[in-house]
Novice: 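Quick one: structure below, then a few questions.
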Amino acid sequence: MLILGIDTSCDDTSASVVEDGAAVLSNIISNQTEIHRKYGGIVPELASRRHIEMIWPVVGEALTTAGLRPEDLDGIAVCKGPGLIGSLLIGCSFAKAVCYAKAKPLIAVNHLEGHIFAAFLEVPRPEFPFLALIVSGGHTSLYKVEGFSRYEELGRTRDDAAGEAYDKVSKLLGLGYPGGPVINKLAREGNPKAIDFPRAYLPESFDFSFSGLKTAVLNYVKQQSGSRDQSAEKTGDRPGNSSFILHPSSLPDIAASFQASVVDVLVRKTEWAIKKKWIKKVVLSGGVAANSELRRRMKEMAEERRVELFVPSLLLCTDNAAMIAAAGYHHLMAGNIAGLDLNPQAYLPL
Ligand code: KG4
Ligand code: ZN
């Protein structure tokens with residue numbers, strides 16, 4: 001079964017061909033980072049416009065790389081949400097048009113389901129049941145996955161997602177967008193114990209909360225620095241340029257201490273779920289799963305607890321269409337075909 005996957009949920013235009021939900025024949029990603037960088041975050045309108053420009057070439061390249069024509073496909077899987085509505089519309093409209101023109105089945109995939117199924121694109125593949133921690137710019141959710149389409153959400157963030165916290169703290173420190181990779185890199189030179197930032201463990205709950213941590217970083221930075229512009233203090237809203245005057249030598253310690261707080265919570269909650277739910281397999285996916293410290297600490301915990309850990313390679317952790325095609329394959333096998341009246345949804349729980 002050859003499935004073309006399409007993902008335009010946020011700021012990456014991606015198309016991929018996957019065979020039988022497992023073998024990636026192509027995975028093309030056109031990144032918009034340079035467009036949004038100067039604004040310090042994603043500008044939805046610009047993202048939609050760029051998707052319109054890139055969708056044809058990206059899909060074309062995905063087919064060419066796989067050595068296929070549209071006629072060879074068994075179905076087209078598209079991300080229907082959650083995400084930015086304008087961005088999602090481009091991918092969905094495109095997929096609907098191709099399905100109509102070429103008489104192919106249209107398959108609608110939830111973006112979060114895609115992140116879970118990224119783990120099936122590499123060997124060894126997880127067997128059900130497993131726990132899945134999806135950590136991205138928009139989500140931080142812990143699922144118990146009992147089978148295809150059998151997802152139980154154990155917990156989710158009550159405020160900011162982990163990736164959002166990285167991006168906001170990065171902006172606050174004047175490190176630019178996207179924040180995750182830059183804080184990850186800077187943290188390697190810092191002391192994670194230098195500053196005791198809070199950890200919101202939310203006892204007896206699998207939920208997460210990262211907004212208090214973000215405020216703690218803001219307060220710390222305010223204390224340590226002279227402010228350039230009082231009006232911008234609250235949001236640090238100068239793209240790529242902090243409102244605070246910090247000595248550059250203090251940045252690695254702030255980055256490392258902030259990251260330690262995020263990673264501690266993610267690892268401890270997952271560990272708690274392993275104990276409570278008696279599940280010995282864990283999938284870690286989503287953009288923040290590209291974080292080297294999170295990968296290291298989760299691996300350490302998994303070894304201690306004798307748990308099997310599945311973490312997709314970096315390119316499959318961040319947004320990509322191969323994961324959409326992988327999940328799409330299972331929908332097609334189950335006969336879940338979407339109508340051509342499919343509408344994307346910005347808010348779409350799994
Ligand atoms: O899954 P993803 O590509 O898009 C969403 O679905 O949101 O995740 C993007 C998020 C961004 O917030 C980005 O800062 C974060 O993942 N991220 C990282 C790293 N690489 C990307 N966060 C921490 N460390 C990284 N190395
Ligand atoms: Zn994502």
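Counting convention: from 1, in listed order, for ligands and their atoms alike. In this text, all values refer to a predicted model and were calculated from it rather than measured experimentally.
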Novice: Quick one: side chain to side chain donor-acceptor pair (under 3.5 Å) partners of Tyr151, sequence neighbours excluded?
Specialist: Glu113
Novice: Atom 26 (N) of ligand 1: which protein heavy atom is closest, and how many Å away?
Specialist: Asn184 OD1, 3.0 Å
Novice: What protein heavy atom sits nearest atom 3 (O) of ligand 1, and how far off is it?
Specialist: Asp319 N, 3.0 Å
Novice: So, 4.0 Å and heavy atoms of Glu293: is ligand 1 close enough to count as a contact?
Specialist: no
Novice: May I ask you to check if ligand 1 and Gly287 share an N or O to N or O distance below 3.5 Å?
Specialist: yes
Novice: Would you call Asp207 and Arg156 a salt bridge, using N to O less than 4.0 angstrom?
Specialist: no
Novice: State yes or no: are the ring centers of Tyr177 and His36 separated by less than 6.0 Å?
Specialist: no
Novice: Would you please classify the geometry between the Phe148 ring and the His331 ring as parallel, tilted or perpendicular, with 30° and 60° separating the classes?
Specialist: perpendicular
Novice: Pairs of nitrogen or oxygen atoms closer than 3.5 Å, one from His115 and one from ligand 1: do any exist?
Specialist: yes
Novice: Run the numbers for me: atoms of ligand 1, each under 4.0 Å from some heavy atom of Pro181, listed by number.
Specialist: 19 (C), 20 (N), 21 (C), 25 (C), 26 (N)
Novice: Would you say the side-chain atoms of Ser261 pair up with the backbone N or O of Ser257, donor to acceptor, closer than 3.5 Å?
Specialist: no
Novice: Who gets closest to atom 18 (C) of ligand 1 by heavy atom: Cys79, Gly180, Gly114?
Specialist: Gly180
Novice: Is there a heavy atom of Cys10 sitting under 4.0 angstrom from any atom of ligand 1?
Specialist: no
Novice: In total, how many protein N/O/S atoms does one find closer than 2.8 Å to the Zn ion (ligand 2)?
Specialist: 3
Novice: N/O of Asp12 under 3.5 Å from N/O of ligand 1, yes or no?
Specialist: no
Novice: Any atoms of ligand 1 less than 4.0 Å from a non-hydrogen atom of Gly138? List them with their elements.
Specialist: 7 (O)
Novice: Considering both backbone and side-chain atoms of Gly163, is one of its nitrogen or oxygen atoms within less than 3.5 Å of a nitrogen or oxygen in ligand 1?
Specialist: yes
Novice: Among all protein heavy atoms, pick out the one at the shortest distance from atom 10 (C) of ligand 1; state its residue, atom name and that distance to 0.1 Å.
Specialist: Gly137 N, 3.4 Å
Novice: Could you name each residue pair satisfying salt bridge (Lys or Arg N to Asp or Glu O under 4.0 Å) that touches residues 114-136, not counting sequence neighbours?
Specialist: none
Novice: Within the side chain of Asn191, is there an N or O that forms a donor-acceptor pair under 3.5 Å with the backbone of Lys193?
Specialist: yes
Novice: Is the Phe128 ring parallel, tilted or perpendicular to the Phe130 ring (thresholds 30°, 60°)?
Specialist: parallel
Novice: What distance do Ser250 atom OG and Gln224 atom CD have between them, rounded to the nearest 0.5 Å?
Specialist: 7.0 Å
Novice: Would you mind finding which of Asn291, Thr318, Leu314 brings a heavy atom closest to atom 24 (N) of ligand 1?
Specialist: Asn291
Novice: Is there a polar contact between ligand 1 and Asp167, counting only N or O atoms under 3.5 Å apart?
Specialist: yes
Novice: For His111 and ligand 1, answer yes if some heavy atom of the residue is under 4.0 Å from a ligand atom, otherwise no.
Specialist: yes
Novice: Please enumerate all residues that pass salt bridge (charged side-chain N to carboxylate O under 4.0 Å, His left out) together with Lys102, with sequence neighbours excluded.
Specialist: Glu71
Novice: Do His51 and Phe94 make the cut of ring centroids closer than 6.0 angstrom?
Specialist: no
Novice: Under 3.5 Å, is there a donor-acceptor pair between the side chain of Asn110 and the main chain of Leu348?
Specialist: yes
Novice: Could you tell me whether Glu271 and Lys275 make a salt bridge, using a distance below 4.0 angstrom between a side-chain N and a carboxylate O?
Specialist: no
